[in-house]
Every structure is written in C-alpha cells, then in structure tokens.
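A short write-up of the structure that comes next.
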Amino acid sequence: MKILILGAEGAIGASLVAEALKRKCEVTVLLQDPSLLKEEHAALHVRTGDMLAPGAIAAAAKGCEAILSAFGTQPGEGALLPEAARLILEGAESAGVDRVIIAGGSGTLLTAPGVRVMDAPDYPEELLPVAQAHAEAYEIFAASELEWTYVSPAAWIEPGKRTGNFRVGMSMLVTDEDGHSRISVEDFAAAIIDELDDPNFIRSRFTVAY
C-alpha cells in the first residue's frame with residue numbers, strides 16, 4: 001500500500017514509518033527538515049516541505065491510498081491542530097485519497113458517560129489548551145465524509161517496546177486492573193497500522209492501552 005505519513009519527525013510518526021515499512025508499505029513523508037528522520041529504506045520517499053503550506057499535502061499525497069497523520073504541537077501551539085485537520089482533509093480530497101487515519105489525543109476519551117479525561121479536576125492545566133484543540137480537531141474529522149479514523153492513545157504514552165499485545169476500546173478510556181492507562185509509542189503505532197491493514201473503525205474512533 002502506498003501511504004503518506006505526516007508528523008514523521010516526532011516519536012509517534014517515526015514509529016509509524018518504521019511499522020509501515022515493516023509491513024511492506026511504500027511510504028512517503030513530508031518534512032520541513034528531512035534530517036530529523038533517521039529511517040532509511042528503499043520504500044521510503046522523503047519530500048521536503050511544510051504540511052501547513054497550501055497545497056503541500058495534496059502534492060505529497062498524489063498516488064497514495066491513505067494519509068496517516070501524527071502531527072502534534074507543543075504547549076502554546078494548540079491552535080495549529082484544527083488548522084492541520086482542515087488542511088489534511090482538503091489535501092486528501094484534492095489528491096483523491098479517501099482513507100485518513102489520525103493519531104490524536106486522549107483528552108476527549110470518556111471516563112464515564114459524558115465525562116471526558118480532560119474534564120477531570122486534576123487534569124494538568126498547562127495541557128488543557130492542547131487537549132481542547134485536539135477536541136476541536138476531532139470534531140472537524142468527525143464531520144468529514146472521507147473514510148476517517150481517529151486513534152486516541154492511552155492516558156500515558158511513551159517510548160518503550162513493541163509487544164503487539166494490547167486492548168482496544170472505542171470512546172472510553174481503557175485502564176488496567178489498577179486503574180492505569182498506558183501504551184508504548186511502538187504498540188500505538190502497531191495498532192494504527194493494524195487498522196490500516198484491516199479497517200474496523202471507518203468514520204469512528206478507537207483507543208488502545210495495556
């Protein structure tokens with residue numbers, strides 16, 4: 001499968017690239033600074049450019065069958081997430097790509113009916129603007145007529161090992177018997193490529209955790 005991966009300079013994006021290449025995908029990445037990508041492979045094609053520039057995503061996605069985005073922001077840059085969502089959808093439509101998979105945030109997952117993770121009193125205040133931006137971006141994807149899938153990580157995600165052993169949920173935060181919700185970056189990437197290979201959540205969201 002020919003795919004475009006956005007946000008490949010980050011930990012999640014880099015793991016998506018590695019996992020997709022492992023599954024025999026032909027991968028194109030769009031990066032402002034190609035030196036940030038350490039992966040080298042005959043099936044990996046690097047395009048230099050800013051994904052937020054008009055027309056950049058459409059040009060990079062030409063000939064691809066799916067767009068995977070791991071685009072993220074730092075605190076203070078949350079406003080870029082809704083903008084990126086619109087550009088991803090516009091780029092996909094312009095390039096004739098129907099399938100879009102988004103690695104998003106966990107703040108909009110539910111801990112109880114109608115209660116989001118980000119609504120908890122102890123949710124870090126400094127992370128709230130980014131969580132709110134992720135929520136806005138999610139609504140933009142959810143309104144699309146494309147074959148979108150939004151993937152939320154566990155509450156805690158960090159680099160670790162690829163075990164291939166995790167649980168899948170939908171809108172509710174997945175926790176273990178001790179109430180912890182965590183996933184490795186590598187297993188999160190594996191779950192996303194699983195969905196690419198075998199779609200089960202077209203026009204919906206899912207989450208993964210141990």
Side-chain angles (χ1 to χ4, degrees), residues 4-16 29-33 36 49-58 60-61 67-93 100-112 114-159 169-174 181-183 185 188-189 191-192 195 201 203-209:
L4 170 65
I5 296 180
L6 304 171
E9 67 272 28
I12 293 173
S15 287
L16 281 176
V29 296
L30 177 62
L31 295 169
Q32 280 188 289
D33 183 358
L36 295 175
D50 180 2
M51 63 167 278
L52 299 179
I57 294 174
I67 297 175
L68 279 59
S69 175
F71 176 77
T73 61
Q74 300 299 320
E77 299 179 343
L80 294 176
L81 288 167
E83 178 186 357
R86 294 185 186 95
L87 288 170
I88 289 167
L89 293 173
E90 289 172 6
E93 291 177 358
V100 176
I101 304 179
I102 307 300
S106 61
T108 54
L109 291 171
L110 303 177
T111 55
V115 181
R116 302 173 300 179
V117 170
M118 59 189 282
D119 297 328
D122 59 350
Y123 193 83
E125 186 175 349
E126 66 274 14
L127 300 181
L128 193 55
V130 172
Q132 292 170 334
H134 272 299
E136 185 178 342
Y138 171 70
E139 294 301 326
I140 291 169
F141 288 117
S144 171
E145 295 182 0
L146 295 179
E147 294 183 352
W148 62 271
T149 300
Y150 190 93
V151 192
S152 290
W156 186 260
I157 179 170
E158 62 183 349
M170 293 190 71
S171 294
M172 297 293 294
L173 183 72
V174 176
S181 177
R182 60 186 183 85
I183 193 73
V185 168
F188 186 55
I192 291 172
E195 172 64 16
F201 298 96
R203 298 190 182 91
S204 65
R205 73 183 301 178
F206 74 96
T207 184
V208 291

With sequence neighbours excluded, residues passing side chain to side chain donor-acceptor pair (under 3.5 Å) with R182
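Scan of R182 (side chain to side chain donor-acceptor pair (under 3.5 Å), adjacent residues dropped) gives none.
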
State, to 0.1 Å, how close [X] and [Y] come at their nearest heavy-atom pair, and which atoms those are.
X: A61; Y: I67; answer: CB-CD1, 3.8 Å
X: A155; Y: L173; answer: N-CD1, 3.9 Å
X: A79; Y: P82; answer: O-CD, 3.3 Å
X: A70; Y: L16; answer: CB-CD1, 4.0 Å
X: V185; Y: A11; answer: CG1-O, 3.5 Å
X: A56; Y: D50; answer: CB-O, 3.1 Å

T207/M170 under side chain to side chain contact (heavy atoms under 4.5 Å, CB included): CA gap, chis, key distance, verdict
CA-CA 6 Å; T207 184; M170 293 190 71; over 6 Å; no

Working to the nearest 0.5 Å, report the span between [atom1] of [X] and [atom2] of [Y].
X: S69; Y: L4; atom1: OG; atom2: CG; value: 9.0 Å
X: L68; Y: I101; atom1: CG; atom2: CD1; value: 4.5 Å
X: I57; Y: L52; atom1: CD1; atom2: CG; value: 7.0 Å
X: R116; Y: Q132; atom1: CZ; atom2: CD; value: 7.5 Å
X: E125; Y: D122; atom1: CD; atom2: CG; value: 12.5 Å
X: W156; Y: I183; atom1: CH2; atom2: CD1; value: 14.0 Å

Go through the steps for M118 and L128 under the test side chain to side chain contact (heavy atoms under 4.5 Å, CB included), then give the verdict.
CA-CA 7 Å; M118 59 189 282; L128 193 55; 4.1 Å; yes

Short question: side chain of [X], backbone of [Y] - any donor-acceptor pair under 3.5 Å?
X: E195; Y: F201; result: yes
X: S171; Y: L110; result: no
X: S152; Y: S106; result: no

Could you go step by step and tell me if V100 and I88 meet the side chain to side chain contact (heavy atoms under 4.5 Å, CB included) rule?
CA-CA 8 Å; V100 176; I88 289 167; 3.9 Å; yes

Side chains of [X] and [Y], heavy atoms from C-beta outward: is any pair under 4.5 Å?
X: E136; Y: L81; result: no
X: M51; Y: L87; result: no
X: I140; Y: L89; result: yes

Quick one: sort the Y150 and F141 rings into parallel, tilted or perpendicular, breaks at 30° and 60°.
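Answer is tilted, since the angle falls between 30° and 60°.
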
Is there a donor in the side chain of T108 and an acceptor in the side chain of R205, or the other way round, less than 3.5 Å apart?
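Checked: T108/R205 side chains pair up, N/O donor to acceptor below 3.5 Å.
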
Go through the steps to decide whether I102 and W148 satisfy the test side chain to side chain contact (heavy atoms under 4.5 Å, CB included), and finish with yes or no.
CA-CA 8 Å; I102 307 300; W148 62 271; 5.9 Å; no

